[in-house]
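Everything on this sheet refers to the single structure shown next.
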Protein chains: 2
Amino acid sequence: MNELEGLSPDVAARLTKARERVIDSIGKNMDLYGITQSVGRMYGYMYFHNGPVTLDSLSASMGMSKTSMSNGVRTLLDLKMIDKVWSKGSRKDQYEVVPDWYANFSDFFSIRWRKAVEANMSAMSRSLREIRELMAEAGAEDERLQSLLKSDEAKINEAMKYYRWLLRLIEALETGKIFELVPKEEE
Amino acid sequence: MNELEGLSPDVAARLTKARERVIDSIGKNMDLYGITQSVGRMYGYMYFHNGPVTLDSLSASMGMSKTSMSNGVRTLLDLKMIDKVWSKGSRKDQYEVVPDWYANFSDFFSIRWRKAVEANMSAMSRSLREIRELMAEAGAEDERLQSLLKSDEAKINEAMKYYRWLLRLIEALETGKIFELVPKEEE
DNA sequence: TCGTTTATAAATTATTTTCTGTACGTTCTT
DNA sequence: AAGAACGTACAGAAAATAATTTATAAACGA
């Protein structure tokens, strides 16, 4: 809060309160990104801080241990929501937010969804193959088994179709094609 | 597993294994929907089960308490991933999956995202108003304060722009307009 | 090279979430 | 009306997750 130094106490308090409200809300809703509330608040704090922050300054303003800050910073780095920046003269690592929320959004969901889709498609492909083997081995005379297999096959095919759609959606996010359908605002 | 009754043990085992692989994968990846792995497995089981299931049958096949099944069923109902169906002759409640995964997807993310966006926009609007009050009160002579307020204002405006974009994306999901950009496969 | 400062790893503690067993209210059957 | 079957609320046990403290490693300056 160094930058509020020297303001009238009333003004400083009111600005802090205004910021705090937003930081709090961001913190609460960051669970969309699978992030803990305290890491979310940390991000909110960094968002409003002008210029990069250090682990120590984070620790001080969050009232939490430096180790926790170290962990939190790592998760935000992994999500590409913040960057480590180099700053002359300081031995401490410095961090600041990546302000492109559109990219944050796309990156996060692309990665998560893709991971899930790929895992499920892989399992389903494997099982589909086995089910078809069973169909071939069984022969047409075993009607009950054949219809059972047929129904499983159909379910998997249906799911695969959906996953292929989701992959296309992910691609639209990754390539930015999504902005053709849902454009950003004009400047 | 009643429906596998009467099959050769070898065939039954192989089919079970094929299903189990998929159920397992679904269960593991259901955390995208904020769902516990065991509830995810429950869903997977229901997905492959032909016809509706009861709490008792779920309990038996999952090897978990009936209370857990009751809770799990409720969360899946809330997410509209399963429906309670009526079935003549049985006093037990019966459930089956809603097979429209596109709708599941849209519903879930629309609701989640909308909730977060609305909360954050509301907090930001309030704070933006207060910041503008401060700007007006301060007068132009206090340059340092004005530039501080200006920078906060800009950050909030930037965020709001992003949220309006996200709202439009949510709308595209809700109305199905998303399928214009990313169409489902032809039949 | 040695002492300092910074960042992270490992172990511990605290908190939250998930699961189970019991108990209770409701609905159906007789 | 009594008894049985069913679903769920509740409280506590078990498991998983988050945060802290302590200890170690890496980077830097003298």
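Numbered from 1 within each chain, the chains take letters A, B, ... in sequence-line order. Please read all numbers here as calculations on a predicted model, not as lab measurements.
Rounding to whole angstrom units, CG of residue A:D93 and P of D:dA26 are separated by 15 Å. A straight line from CG of B:D56 to P of D:dG7 spans 6 Å, rounded to a whole angstrom. Here D:dC10 presents its P atom at 10 Å from CZ of B:R74, a figure rounded to the nearest Å. For B:D31 and C:dT17, the CG to P distance is 16 Å, given to the nearest whole Å. Atom CE of B:M42 is separated from atom C1' of C:dC19 by 13 Å (rounded to the nearest Å). Going from atom CG of A:L58 over to atom P of C:dT6 covers 14 Å, rounded to whole Å. Here C:dT8 presents its C1' atom at 10 Å from OH of A:Y95, a figure rounded to the nearest Å.
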Throw together a table of side-chain donor-acceptor distances under 3.5 angstrom for residues 29-43 of chain B, partners on residues two or more places apart or in other chains.
unit_1: B:R41; atom_1: NH1; unit_2: B:D24; atom_2: OD1; d: 2.7
unit_1: B:R41; atom_1: NH2; unit_2: B:E20; atom_2: OE2; d: 2.4
unit_1: B:Y43; atom_1: OH; unit_2: B:W101; atom_2: NE1; d: 2.9

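Between A:K177 and A:E171 there is no salt bridge, since no side-chain nitrogen of the basic residue lies less than 4.0 Å from a carboxylate oxygen of the acidic one. A salt bridge links A:R126 and A:E130; the closest N-O separation between the charged side-chain nitrogens and carboxylate oxygens is under 4.0 Å.
Near DNA chain C, meaning a heavy atom under 4.0 Å from it, residues 77-91 of chain B has B:R91 in order of number.
Between A:W113 and A:Y163, the gap from one ring centroid to the other reaches at least 6.0 Å.
Among pairs with a residue in residues 64-81 of chain A, those fulfilling salt bridge (Lys or Arg N to Asp or Glu O under 4.0 Å) read A:D56-A:K66, at least two apart in sequence or across chains. Legend: ring pair (Phe, Tyr, Trp, His ring centres under 6.0 Å) pairs involving residues 51-93 of chain B, not counting sequence neighbours: none detected.
Applying the side chain to side chain donor-acceptor pair (under 3.5 Å) rule to A:E174 yields the partners A:R114; only residues at least two apart in sequence or on another chain are considered.
For the pair A:K184 and A:F179, the cation-pi criterion (under 6.0 Å, within 45° of the ring axis) is fulfilled.
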Atom pairs, protein N/O to nucleotides 18-23 of chain D N/O, distance under 3.5 Å:
unit_1: D:dA19; atom_1: OP1; unit_2: A:S38; atom_2: OG; d: 2.6
unit_1: D:dT20; atom_1: OP2; unit_2: A:S65; atom_2: N; d: 3.4
unit_1: D:dT20; atom_1: OP2; unit_2: A:S65; atom_2: OG; d: 3.3
unit_1: D:dT20; atom_1: OP2; unit_2: A:S68; atom_2: OG; d: 2.6
unit_1: D:dT21; atom_1: O4; unit_2: A:T67; atom_2: OG1; d: 3.4

